[in-house]
Every structure is written in structure tokens, then in C-alpha cells.
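Labels below follow one simple rule: chain letters A, B, ... track the order of the sequence lines, proteins then strands, and each chain is numbered from 1. Every heavy atom of this structure was used, including side-chain atoms; hydrogens, water molecules and symmetry mates were not.
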Amino acid sequence: MSSLQPVRGTHDLMFEDIRRHRHIEATAFEVAARYGYAEIATPVFEFTEVFSRTLGDTSDVVTKEMYTFDTKGGESITLRPEGTAGVARAFISGGLAQQTPLKFFYRGAMFRHERPQKGRQRQFHQVGVELLGVESPQADVEVIALAAHILSSLDLNGEITLEINSLGDVESRAAYREALISHFAPHKNYLSAENQERLGKNPLRILDSKTEIVDEKLLIKTAPKFEAYLNEASRNFFKAVQDGLAALDIKFKVNPALVRGLDYYCHTAFEFTTGVLGAQSTVLAGGRYDGLIKQMGGPPTSGIGWAAGVERLALMMREIAPAQRPIAIIPVSPAEETVAAALTHALRQAGLTVDIGYSGNMGKRMKRADKIKAAAAVILGGDEVRDGTATLRNLDSGEQVNVKQADLARQLTAWGLCPPSGA
RNA sequence: GCGGGUGUAGCUCAGUUGGUCAGAGCAUCUGGUUGUGGUCCAGAGGGUCGUGGGUUCGAGCCCCAUCACUCGCCCCA
């Protein structure tokens with residue numbers, strides 16, 4: 001193994017890649033801000049129990065995918081595998097219960113020791129939101145609407161569909177769990193080893209397993225439906241969410257197999273998926289977690305949120321051009337380099353994007369200007385320096401004029417090449 | 001974690017049954033054009049064939065291991 005390779009499952013982001021990431025994060029934040037969400041940045045690592053307590057011991061994320069290590073002080077800390085636990089911890093340790101409702105947006109790197117694949121890395125990035133302290137189904141609607149709004153703002157290549165489901169409240173879920181167990185337990189032998197294990201820990205998860213075995217398929221297909229076990233309150237809640245989405249003209253499909261394993265999830269679960277990313281089809285997912293903050297030791301507080309995978313969205317995005325084409329300053333000979341440097345500085349101060357090369361004759365510098373897609377070249381030779389002028393060449397049209405150095409910005413504006421200066 | 005596939009120049013890839021097979025295009029650099037780019041022409045540089053072993057007279061090609069990527073499972077964003 002070469003030590004000069006990046007660690008497995010990690011990536012350097014540059015050029016087009018990082019432009020896409022920035023664009024996704026900026027768009028997500030901009031739209032979220034319109035909905036009243038404020039940014040929160042929690043630490044990249046937390047005490048291990050922040051995650052182990054919230055994600056539970058049945059979750060693969062906790063049981064085998066976390067980057068956990070001991071500090072010199074003997075504390076166990078973990079690189080965050082997801083964003084919600086950190087926000088919930090911040091809510092508790094900051095005593096924010098007095099300030100609900102709270103709307104948070106976050107972005108950043110997450111870490112999971114999974115087997116890498118396209119759209120699945122060990123260090124990856126998410127943007128996400130959490131809405132804390134609102135019990136009403138209106139919160140679910142808003143959070144889903146925000147997600148849909150962001151996704152449509154990104155102009156993605158490929159269809160994205162929204163699926164939702166209800167996990168009901170505690171009572172409904174307990175009843176359904178019992179029903180599933182009594183449905184599957186007598187035919188346990190038809191289930192795969194994985195599903196037999198789930199039967200004990202997490203019977204809901206059996207519903208969304210992909211199996212090829214006919215008998216198992218049939219068994220899953222004939223399982224009782226959650227709908228029948230939702231109590232009235234849960235049913236009303238789910239209906240309110242669906243009505244709310246319909247009122248906003250947001251298309252969705254109810255998918256009874258869409259489940260969450262952890263106990264603190266309740267009511268709404270939703271996923272935005274695409275067919276263009278292979279096995280990594282989920283692009284954004286979330287749900288309601290009314291039990292989470294209490295389970296972590298805070299005051300009972302309802303919450304709902306989602307997270308989206310930046311890498312996955314980036315894979316679906318069209319090309320992002322660099323923000324601004326530069327102006328290239330080109331001294332004809334070394335004698336003009338000092339003046340050229342001063343002019344470069346002045347134009348940058350005036351708010352222009354200016355590039356100057358550091359070597360080569362004029363022909364090479366022109367080539368470089370072309371390669372970096374400069375909009376115009378400012379040519380400074382002996383004559384120009386003597387007269388306090390510059391030769392300005394429009395690199396798209398080939399048009400070329402001699403102007404006073406002080407008039408450069410004006411001429412660029414006339415050509416439509418000079419963006420409004422920040423000044 | 002499990003099961004497949006792939007790995008040759010900076011990039012995209014060709015390399016027939018192991019015996020001039022180390023190549024092409026693009027990119028880069030140089031020159032044609034020492035005050036004018038994008039086109040064109042000519043030329044040049046660049047590869048321990050992912051890495052480490054093994055088989056063989058001989059391995060890019062076969063075998064083993066390993067690393068990375070990739071597809072599916074799993075899990076999830």
C-alpha cells in the first residue's frame with residue numbers, strides 16, 4: 001500500500017467537484033434560510049455515547065461503522081456518522097428547550113466505515129435540517145416541502161420521487177410490532193438468517209428487505225399492514241401530512257415498506273429516491289423523532305428533520321462553470337512587469353477578477369489567457385507604459401482598443417465583460 | 001462484512017493463443033510566429049504495464065497475495 005494514496009473511501013475535492021459541493025450547500029442553505037432555518041455547526045466528533053445512545057445497538061451504523069477511538073485523556077470519542085445526534089446534543093447542552101420552536105440547517109462531513117461504492121464513501125458530506133419543538137403535522141409538511149424545494153432548485157439530472165409512510169405513535173407501533181412477530185414467528189424457517197435476526201430486534205425492517213426467495217417474498221407480502229394498526233390519532237396525523245402535501249402540490253407515494261428501525265422514530269418517515277444512482281438510490285431521507293431528545297436525557301421535545309447526501313446529489317448535477325472569467329494582464333517584456341503588477345493590483349482592488357502569469361513571452365501568455373478562459377487581455381508594452389495606456393483585447397470577439405489605464409474598467413463594462421464591482 | 005468485475009502515459013483507452021506489445025487519441029512542452037491566443041503543421045518529453053511474490057528460457061498477458069476503484073448484497077444520505 002502506498003502511503004501517498006488517500007485513505008480508502010476518502011476523496012480530494014477540487015475543480016468541478018468542489019464547485020458542485022459548494023453549489024449544493026449554498027443552494028440548500030439559501031432555500032432553508034427562506035423557510036426560517038438558521039445554520040448550526042456542531043463538532044465533527046462527540047463523546048461516543050452521543051451516538052451509541054441515540055442510534056441504538058441494533059443499528060449497523062453503531063455496531064460496525066463508527067470511527068471510534070480513545071483520546072489521550074481516556075475518553076471515547078466518535079467521528080459523527082450523521083448530523084441529528086449532534087444537533088440534539090447541542091439542544092440539550094445549550095438549554096434551548098426554552099426557545100422552541102427551533103429550526104436548524106447544517107452541512108458538513110460525516111464518517112462511516114462502510115464498504116465504498118459510487119455515492120457511498122467513508123468520509124462524505126450531508127446537508128440537513130432539524131425542526132425542534134413542533135408537534136403539529138404542519139412541521140412535517142414544511143420540512144418535506146423544504147426538501148422538495150431544494151431538490152428542484154438544484155436542477156438535477158434524473159427523476160426523483162418522494163415516498164412517505166407513517167410509523168404511528170408508540171402505542172400503534174407496539175401493536176404492529178406484535179402483529180408482525182406473530183405473523184412471521186411461526187414461519188421463521190422461511191426467513192433468511194438476516195431476517196430471522198431482525199425478527200428479534202427490528203421486525204419492521206423485514207418489510208423492506210430485498211429477497212429473491214419466493215416463500216420469503218410471499219411471507220412478506222402477506223404480512224399485516226401497518227395501516228390497520230394505526231390508532232385514530234396516528235391515522236389523523238398521517239392524513240394531515242398527506243393533505244398538507246397535496247395542498248402544496250407536492251407529489252408523493254405512500255410506501256408501506258418504508259420503515260425506520262429505531263424506537264424514537266414515529267409518525268412520518270420519508271425518502272426522496274432516484275433510479276440513476278444504482279444501489280445508492282436514496283438522495284434525501286428523514287422523519288419524525290419525537291422520542292429522541294428525551295431518550296438522550298433532555299426534556300421531552302418533538303423533532304423532525306432530514307439529511308441529504310451531497311456526493312449523491314453532485315453525481316446527479318449538470319456541470320457548474322467557474323463563477324467568473326478573469327481578465328489577463330500581459331506584460332510584453334520584463335521591462336513592463338512592475339507596471340503590470342501595479343495595474344493588476346489596482347484592478348483587483350476595483351473588484352475585478354484578474355490573472356497574471358509569471359513567465360513566458362507574450363505568445364505564451366496569450367495562450368495561457370486563452371486556456372484559463374479569460375474574457376479579455378490587457379496588453380502592456382513599452383508604448384503603453386510610456387503613454388499611461390493599455391491595449392485591451394476582447395478575447396471572444398478579437399476586438400482590440402487602446403485606452404487609458406484608468407478607463408479599462410469602463411471599456412470592459414462597455415463590452416459587457418466587467419461585472420459590477422463590489423465597491 | 002459477503003459475492004462478482006476492473007486496474008497499461010496527466011486523461012480516455014488499444015494491446016490477438018505468454019515470444020520487437022510498451023502503443024493511440026487528447027493533454028503537456030518546443031518550434032513554425034522574439035508585441036497577439038483559440039485553428040493548422042512539424043517535433044519532443046512522459047509508463048518500475050496498481051503493488052509484492054510465483055510459474056516460465058521468456059509475463060502487460062498465467063497463478064497467489066495485497067491495495068484501490070467499481071457492480072450487487074448489507075446498510076444507509
Is A/Glu135 salt-bridged to A/Arg288, going by a charged N under 4.0 Å from an acidic O?
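Salt bridge between A/Glu135 and A/Arg288, a charged N being under 4.0 Å from a carboxylate O: no.
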A/Arg386 and A/Asp383 ion-paired at < 4.0 Å
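Salt bridge flag = yes for A/Asp383 with A/Arg386.
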Could you tell me whether A/Gly9 contacts a base, only the sugar-phosphate backbone, or nothing, with contacts defined as non-hydrogen atoms closer than 4.0 Å?
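It contacts sugar-phosphate atoms only.
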Let me know, please, whether A/Ala285 or A/Lys367 comes out on the 5' side of the other along RNA chain B by nearest nucleotide.
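Mapping each residue to its closest nucleotide by heavy atoms, the 5'-most match is A/Lys367.
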Between A/His11 and A/Gln280, who's closer to the 5' end of RNA chain B by nearest nucleotide?
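Between the two, 5'-proximity favours A/His11.
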B/G3 C1' sits how many Å from A/Arg115 CZ, rounded?
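One finds 8 Å between C1' of B/G3 and CZ of A/Arg115, rounded.
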Distance, rounded to the nearest Å, where A/Arg368 contributes CZ and B/C29 contributes P:
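In whole Å, B/C29 P and A/Arg368 CZ are 11 Å from each other.
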Sort out the partner of [N] for me: Watson-Crick or G-U wobble, both distances under 3.5 Å, none otherwise.
| N | result |
| --- | --- |
| B/C73 | B/G1 |
| B/U6 | B/A68 |
| B/C57 | B/G19 |
| B/G31 | B/C41 |

Taking atom types as modelled, is there a side-chain donor on A/Thr27 or A/Ser153 under 3.5 Å from an acceptor on the other?
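Note: A/Thr27 and A/Ser153 side chains miss the donor-acceptor criterion.
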Does a side-chain N or O of A/Arg8 approach OP1 or OP2 of B/C67 to a distance below 4.0 Å, or not?
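No, A/Arg8 has no side-chain N/O under 4.0 Å of OP1/OP2 on B/C67.
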Is it the case that B/G37 (base atoms only) and A/Gln400 (side chain only) share a donor and an acceptor within less than 3.5 Å, ignoring hydrogens and angles?
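No such pair is found, so the answer is no.
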Has A/Arg80 got a side-chain atom pairing as donor or acceptor with A/Thr42's backbone, closer than 3.5 angstrom?
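Yes; at least one donor-acceptor contact below 3.5 Å.
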Among B/A77, B/C29, B/U36, which nucleotide has an atom closest to any side-chain atom of A/Gln126?
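Among B/A77, B/C29, B/U36, the one nearest the side chain of A/Gln126 is B/A77.
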